[in-house]
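The shown structure was predicted, so the numbers you read here are calculated from the model rather than taken from an experiment.
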Amino acid sequence: MELGFCGRDCGICDVREAYGCAGCRESGGVPPYGPCPVAACCRERDLEKCGDCQALDCAFLPEREGGPRAASRLAPLRREGLGGADRAAELGAGLRRLFWIWLGGDAAVYLAAGIASVLLAHGCTWALRLIPGALELAVCLAMGRTLSRLGEAYRTVPPFLTAYGAVRAVSGAVSSLPVLAALTLLQGGLELVWIFRLYRANEALLERIGDRRAVLWRCLARWAVAVGAVICLMSVPVPSVEVWQTLQLWSWVDSLPTAVFVLAYALAMVLLAVKLCAAVLWVVRWVQLWRTAETFRRLGTEP
């Protein structure tokens with residue numbers, strides 16, 4: 001099989017049959033109907049084929065040209081960048097499975113935490129505190145198993161994901177405030193690491209096929225770390241009001257100047273804005289994860 005600069009088999013090329021083309025290698029990328037811009041671009045970049053290029057600003061991408069004709073012409077090149085049609089379909093199915101496990105797992109954990117809190121308030125056994133953490137660990141293990149099947153790009157995600165779930169499960173059994181604060185920081189750090197690595201893995205795969213959504217995943221990775229770090233610090237448990245009253249600090253707080261309270265109010269507004277930003281990132285994450293999965297799935301099924 002002789003591959004042209006575009007990555008297609010010259011033996012079944014309709015242009016070769018219609019115009020009597022000798023093939024990309026024989027003709028030097030200049031078929032009988034005129035110079036081929038893809039071949040010229042490959043020669044200029046010293047590439048064996050278009051699929052070896054990592055440029056995100058390629059003029060031949062369907063996002064730039066528009067229309068189904070351009071998309072169908074470049075589909076074989078994009079599939080080649082992922083490792084073939086079977087590999088693209090596998091990535092698409094795996095990311096869709098990850099989407100549903102992650103989304104459904106988060107909903108189940110929040111629901112279990114709410115129910116456990118209500119039951120604990122009515123005097124039920126303290127063992128109910130362990131249910132949300134155990135459920136989250138199960139979700140993390142299921143997600144890690146899915147990611148481990150997706151190949152080298154996602155290899156570094158499951159260990160941190162599993163460690164995060166384990167710390168989350170242990171936190172439910174801890175009542176000591178200092179230990180719980182330390183576990184909260186550790187849990188938040190592990191969560192930031194595995195999410196960052198997942199986002200960068202999606203970015204790397206999209207870069208292979210020249211999809212501009214890779215830039216969005218890169219930005220999401222950075223913002224997720226920045227916002228997640230603030231949310232993690234806000235989640236650290238602090239002494240209750242009764243403890244502060246026992247320490248007799250309220251009289252000292254009342255003596256502070258008004259400017260301090262204004263600054264505290266401004267800080268509270270900033271933290272509220274961070275929470276709103278986290279909510280936006282949360283929605284964008286789900287949308288882009290689904291769209292990325294659909295991109296890979298289509299590449300695996302398109303002719």
Side-chain angles (χ1 to χ4, degrees), residues 78-79 82-116 130-169 172 187-188 190-206 208-209 211 213-214 216-221 223-225 227-228 231 277-302:
R78 294 157 72 88
R79 278 196 296 267
L82 291 176
D86 292 341
R87 173 64 177 156
E90 179 186 1
L91 286 170
L95 289 181
R96 290 180 71 178
R97 190 180 309 114
L98 177 71
F99 175 89
W100 289 116
I101 293 174
W102 196 357
L103 182 61
D106 275 1
V109 169
Y110 286 125
L111 180 62
I115 294 176
L130 303 177
I131 294 178
L135 184 58
E136 180 127 25
L137 176 59
V139 172
C140 290
L141 291 175
M143 291 174 59
R145 185 177 180 183
T146 299
L147 288 169
S148 64
R149 296 176 177 177
L150 296 183
E152 185 68 21
Y154 299 94
R155 181 177 57 84
T156 61
V157 181
F160 292 97
L161 179 58
T162 304
Y164 162 77
V167 173
R168 176 70 176 84
Q187 174 186 321
L190 290 170
E191 183 179 18
L192 294 181
V193 171
W194 79 257
I195 287 180
F196 179 81
R197 289 176 179 267
L198 174 62
Y199 288 4
R200 294 308 294 264
N202 289 338
E203 174 200 345
L205 287 176
L206 289 170
R208 292 182 190 177
I209 61 175
D211 195 308
R213 198 172 294 119
L216 179 56
W217 278 115
R218 185 184 309 139
C219 294
L220 278 175
W223 276 101
V225 170
V227 174
I231 297 296
C277 183
V280 172
L281 291 176
W282 187 83
V283 174
V284 174
R285 175 182 71 191
W286 296 122
V287 173
Q288 293 309 314
L289 183 59
W290 182 262
R291 292 183 64 185
T292 300
E294 285 298 293
T295 297
F296 295 149
R297 185 191 64 82
R298 285 195 301 269
L299 283 178
T301 58
E302 288 178 353

**Student:** According to salt bridge (Lys or Arg N to Asp or Glu O under 4.0 Å), does anything in residues 130-151 pair up with another residue at least two apart or in another chain? List the pairs.
**Tutor:**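 Listed once each, the pairs are E136-R168.
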**Student:** Kindly write out the residues that satisfy salt bridge (Lys or Arg N to Asp or Glu O under 4.0 Å) with R200, not counting sequence neighbours, or none if the list is empty.
**Tutor:**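 R200 satisfies salt bridge (Lys or Arg N to Asp or Glu O under 4.0 Å) with E203 once adjacent residues are dropped.
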**Student:** My understanding is that only residues two or more places apart in sequence, or in another chain, count here; which of them pass ring-ring contact (aromatic ring centres under 6.0 Å, His included) with Y199?
**Tutor:**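 W217.
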**Student:** Nearest 0.5 Å, please: how far is CG in L192 from CD in Q187?
**Tutor:**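 It is 10.5 Å, given to the nearest 0.5 Å.
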**Student:** Which pair of heavy atoms, one from G94 and one from T146, lies closest together, and at what distance?
**Tutor:**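 What the structure gives for the nearest pair is O-CG2, 3.5 Å.
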**Student:** Among all residues two or more places apart in sequence or in another chain, which pass the side chain to side chain contact (heavy atoms under 4.5 Å, CB included) test with I131?
**Tutor:**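 Listed in chain order: A112, L128.
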**Student:** List for me each residue that meets side chain to side chain donor-acceptor pair (under 3.5 Å) alongside S148, sequence neighbours excluded, and say none if there are none.
**Tutor:**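 Applying side chain to side chain donor-acceptor pair (under 3.5 Å) to S148 gives none.
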**Student:** Let me have the donor-acceptor pairs involving side chains of residues 98-109, under 3.5 Å, with sequence neighbours excluded, atom names and distances please.
**Tutor:**
none

**Student:** Once rounded to the nearest 0.5 Å, what's the spacing between atom OH of Y164 and atom CG of L137?
**Tutor:**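 So the OH of Y164 and the CG of L137 are separated by 11.0 Å.
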**Student:** Please give me the minimum heavy-atom distance between P158 and G144, naming the atom from each residue.
**Tutor:**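 Heavy atoms of P158 and G144 come nearest at CG-O, 3.6 Å.
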**Student:** Among all residues two or more places apart in sequence or in another chain, which pass the side chain to side chain donor-acceptor pair (under 3.5 Å) test with R97?
**Tutor:**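 Not a single residue meets the side chain to side chain donor-acceptor pair (under 3.5 Å) criterion with R97.
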**Student:** Could you check whether any side-chain heavy atom of L198 comes within less than 4.5 Å of a side-chain heavy atom of F160, counting everything from C-beta outward?
**Tutor:**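 The answer is no; the side chains never approach within 4.5 Å.
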**Student:** Show the atom names and distances, to 0.1 Å, of all donor-acceptor pairs under 3.5 Å that link a side chain in residues 277-291 to residues at least two apart or in another chain.
**Tutor:**
unit_1, atom_1, unit_2, atom_2, d
Q288, OE1, R213, NE, 3.1

**Student:** For residues 82-93, which residue pairs qualify under side chain to side chain donor-acceptor pair (under 3.5 Å), counting only residues two or more places apart or in two chains?
**Tutor:**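 Sorted pair list comes back empty.
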**Student:** If I take atom CG from residue L161 and atom CG from residue L141, how far apart are they, to the nearest 0.5 angstrom?
**Tutor:**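 So the CG of L161 and the CG of L141 are separated by 8.0 Å.
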**Student:** About how many Å separate CG of L206 and CG of L216, when rounded to the nearest 0.5 Å?
**Tutor:**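 Atom-to-atom, L216:CG and L206:CG are 9.5 Å apart.
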**Student:** If you look at every heavy atom in G165 and C140, which pair is closest and at what distance?
**Tutor:**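 Between these two residues, the closest heavy atoms are CA-SG, 3.8 Å.
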**Student:** Does L205 form a side chain to side chain contact (heavy atoms under 4.5 Å, CB included) with T292? I'd like the steps, not just the answer.
**Tutor:** CA-CA 10 Å; L205 287 176; T292 300; over 6 Å; no
**Student:** Which pairs pass salt bridge (Lys or Arg N to Asp or Glu O under 4.0 Å) with one or both residues in residues 151-163, sequence neighbours excluded?
**Tutor:**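 The answer is E152-R155.
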**Student:** Taking all non-hydrogen atoms of both residues into account, name the closest pair between P132 and A113 and its distance.
**Tutor:**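 Scanning both residues, the minimum pair turns out to be CG-CA, 3.6 Å.
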